[in-house]
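For reference, the structure discussed in these notes is given below.
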Amino acid sequence: MTSTATAPRRDLLQIRGLSAGEIVTLLDAATKWLDPASVSDRLAGRTVINLFLEPSTRTRVSFEIAAKRLGASVVNIAAASSSLVKGETLVDTARTLDAMHPDAIVIRHPSSGAPQIVARHTRAVVINGGDGAHEHPTQALLDALTMRIRKGRIDGLRVAIVGDVRHSRVARSNAHLLTTVGSDVVLCGPRSLLPEGIESIVGEAPGKLHATSSIDEALEGADVVMMLRVQHERQQESFFPSIGEYRTRYGLDAERLRRAKPDAIVMHPGPVNRGVEVSPDVADGPQSVILEQVANGVAVRMAVLDGLVGTRKTTD
Ligand code: ASP
């Protein structure tokens with residue numbers, strides 16, 4: 001990961017395309033930052049811009065804490081307070097920010113591909129904080145770190161990803177990561193919420209990715225059960241009859257969880273629709289690692305910022 005101002009810049013735009021070795025290297029680096037007391041001056045004098053054009057609690061705060069623990073200055077820009085509401089294009093916003101020489105731009109955007117556009121118009125390192133239904137790379141990395149801590153490995157696991165797969169960038173990034181490192185992934189949801197061709201998600205890993213509309217089948221023997229939020233904001237039409245029916249058919253409760261392995265862990269990227277995709281007793285129960293995911297997110301983002309920005313000379 002070494003580079004200089006003249007060496008090509010390294011961004012983190014997606015998990016797709018990363019090798020198993022690169023993923024493991026990032027997880028190893030994150031492990032060093034797991035202690036919440038670990039701080040450093042590796043990014044002293046550097047500026048990280050959080051350009052969040054869609055709501056976020058966990059990811060935005062996590063990147064801010066990560067950057068500050070590494071000694072960087074952080075500037076937060078939210079949609080409502082940016083010139084995008086005055087009609088400025090994303091390209092002009094990227095160029096404007098670039099003129100102020102930030103070292104990194106973390107971008108969240110409702111449109112898939114927005115981070116790639118920003119990357120073409122800035123010298124700063126660009127990190128995707130979630131773009132439309134495309135990818136959320138640091139979420140998949142923190143999920144993998146949580147699995148590795150809890151299960152001792154990330155290869156050879158059976159991972160059930162259940163819910164609104166169609167609109168989930170978390171499902172996509174996880175599917176790429178987990179199949180790359182050799183785990184089996186079962187995508188599960190109502191037929192209307194499964195992506196049209198699952199091969200389009202992980203064309204390069206046939207055999208490692210399956211889809212089913214039966215939650216019982218998906219949970220059978222699972223080491224990890226990852227529940228997804230129903231993404232109403234990305235649904236222009238009705239994808240299932242009612243929330244009540246969704247809960248009955250796809251909600252995870254204690255009884256359903258018994259189909260998974262006895263030591264299975266329950267994950268959710270948040271925000272959780274309590275009582276819809278997960279019952280409160282499971283969300284707060286002994287198998288839930290939801291808050292550990294949040295904690296591990298800071299370590300992952302420290303590793304990403306350090307690896308991409310800390311090793312790079314400042315832009316002139
Ligand atoms: N926080 C995650 C995301 O931004 C999951 C979600 O919103 O449901 O994709």
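Order of appearance sets the numbers: ligands from 1, and atoms from 1 within every ligand. Side chains included, hydrogens not; waters and symmetry mates left out as well; all remaining heavy atoms used.
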Please tabulate protein-ligand N/O pairs under 3.5 Å for ligand 1, atom names and distances to 0.1 Å.
{"from": "ligand 1", "atom 1": "1 (N)", "to": "G270", "atom 2": "O", "distance (Å)": "2.9"}
{"from": "ligand 1", "atom 1": "4 (O)", "to": "R108", "atom 2": "NH1", "distance (Å)": "3.4"}
{"from": "ligand 1", "atom 1": "4 (O)", "to": "R108", "atom 2": "NH2", "distance (Å)": "3.2"}
{"from": "ligand 1", "atom 1": "4 (O)", "to": "R169", "atom 2": "NE", "distance (Å)": "3.4"}
{"from": "ligand 1", "atom 1": "4 (O)", "to": "R169", "atom 2": "NH2", "distance (Å)": "2.8"}
{"from": "ligand 1", "atom 1": "7 (O)", "to": "R229", "atom 2": "NE", "distance (Å)": "3.3"}
{"from": "ligand 1", "atom 1": "7 (O)", "to": "R229", "atom 2": "NH2", "distance (Å)": "3.0"}
{"from": "ligand 1", "atom 1": "8 (O)", "to": "R229", "atom 2": "NE", "distance (Å)": "2.7"}
{"from": "ligand 1", "atom 1": "8 (O)", "to": "R229", "atom 2": "NH2", "distance (Å)": "3.4"}
{"from": "ligand 1", "atom 1": "8 (O)", "to": "Q231", "atom 2": "NE2", "distance (Å)": "3.1"}
{"from": "ligand 1", "atom 1": "9 (O)", "to": "R169", "atom 2": "NE", "distance (Å)": "2.8"}

Would you say V294 and V272 are hydrophobically clustered, going by side-chain heavy atoms of ILVMFWY under 4.5 Å?
no
In terms of side-chain geometry, is the basic nitrogen of R158 or D184 positioned less than 4.0 Å from the acidic oxygen of its partner?
no
Do the side chain of S38 and the main chain of L34 share a donor and acceptor less than 3.5 angstrom apart?
no
Cationic tip of R301 above F63 ring, under 6.0 Å, 45° of axis
yes
May I ask you to check whether over 12 heavy atoms, not counting those of R249, lie within 6.0 Å of atom CZ?
no
Residue pairs meeting salt bridge (Lys or Arg N to Asp or Glu O under 4.0 Å), one or both in residues 137-149, sequence neighbours left out, come to D28-R148
